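Everything on this sheet refers to the single structure shown next.
We count ligands from 1, going down the list as the structure has it; atoms in each ligand are counted the same way. Heavy atoms only: backbone and side chains are in, while hydrogens, waters and symmetry mates are out. Source: prediction; values computed, not measured.
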Amino acid sequence: MAKDELFQERVVRVEKPSAHFTLLRNTTGEFLGVSDTNELSVFDYVDDKAIWEKVEGSSAYRHVTTDLQLEAESTDAEDGCYLRHNGSLLGKDGNTANEGDIFSAGHGPGHLPSEYLESFWENGWVCLPSIIAPDTIEELERVSCTGRWEADTYERRIPPLNETAAVAKIITEPVSLWLMRQYMKTHEIRLGHSPGFAILSPDDGKRNVQGWHSDFPYLWGIAGSEAVNRIPVHKVDGLVMGVQRNLCVSEFRSENGATCFKLGSHTLGQGPPIEWVNGNTSRQEGYRETKGIPYSGPDADVIEAPPGSYIVYDSRIWHRAGVNRTEHKRAAMLQAVIPMFIMPFMDTSTPYKNFIHSPLVDELTELEQKELESVMVNKMVGPAGHLAITVDEELTEKIRPS
Ligand SMILES: [Fe+2]
């Protein structure tokens, strides 16, 4: 690559929405919405049915797609309210009831879920700008030692899931879960590993820059050990074996090392071109010092997004980490998400078990606990019923190459 082509990627900027919709949750965390038959009801997922907007200058909420309005009435509960429809209190199931349930009004998406889905289908990626509430992002900055905590050093002692309930909150974020289930055409989706931080510190001009690759489970361009069989390079329309859901903990900008993509490459059925320098090549010792960085010219794209954004993309899309040309660390939280028929990348059962046996679990709603179990416990479902899968230490010892 010619020297003047360095860092010339096309910038795709996703702006922070001017306002966010509201999600109304009952005491078990289910989402209040309006059904296709125009009835108030609760749902265990969020699509357009569960999207509300605060009516300015009043205590009312308007259902965005039907215009139905609810009146909120304060309660003694912190962050909670009673809701009335045509004067009648709403119970836990969304129907009118003598005794009203306490609903909480929380941070929702900036746009309708159906708009995100359309864009995801069309492009193979979508960004949900600042979908995660600012207080959750601040907690993740604290744990990752970024933002105002950047003078501290992050030590990977235990999985972030077991350090703060904020990780389980972002795992169970409902709009991105709905989108991924739609895109992979199955309700049964799993995390391929417990979420980890990717913290990019200021570039020193010497260390290797990650090369171009597709993400787990494909890993085209970065296959690793020859002994591990990954998904063979192939062209198949309509079957998606993985989606990557990356959270921008910090704002993502071209200068601070936002991920570089070749948008649209998920349809090509092949890995990144050798000339772009893939992940297998760029990690060779001393590669950067002798040969420079992987392709960063105008045929690549950088997605810029505000803090708290989820960038969700088809795992086949070629991409690589950026180069942080600022003086500040930037953090992301990475999650490979797969349909249940793909073998996970790492064991999620131990961090999950540690989480449910810790006090952190009490910070989740019942629905969030159910979702966490659903995406973190791998199961065999067959004649013997439901069986949870975990790592067997004795057999692991036996099969390890000596
Ligand atoms: Fe990647």
Taking only Lys NZ, Arg NE, NH1 and NH2, and the carboxylate oxygens of Asp or Glu, determine whether Arg142 and Glu139 approach each other closer than 4.0 Å.
yes

Taking every non-hydrogen atom, the tightest pair across Ser374 and Arg181:
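That would be OG-NH2, 3.7 Å.
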
Protein N/O/S atoms closer than 2.8 Å to the Fe ion (ligand 1)
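Listed by chain and number: His213 NE2, Asp215 OD1, His319 NE2.
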
Should Asp314 and Arg316 be marked as a salt bridge (charged side-chain N to carboxylate O under 4.0 Å, His left out) after you check the CA-CA gap, both sets of side-chain angles, and the distance that decides it?
CA-CA 5 Å; Asp314 190 308; Arg316 289 168 290 188; 2.8 Å; yes

Where at least one partner belongs to residues 58-70, residue pairs that pass salt bridge (charged side-chain N to carboxylate O under 4.0 Å, His left out), sequence neighbours excluded
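Non-adjacent pairs meeting salt bridge (charged side-chain N to carboxylate O under 4.0 Å, His left out): Glu53-Arg62, Arg62-Asp67.
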
Tell me if the CZ atom of Arg207 is crowded by more than 12 foreign heavy atoms within 6.0 Å.
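Check passes, neighbour count above 12.
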
Can you name the one residue among Trp318, Phe7, Phe261, Trp276 that meets ring pair (Phe, Tyr, Trp, His ring centres under 6.0 Å) with Tyr295?
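That would be Trp276.
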
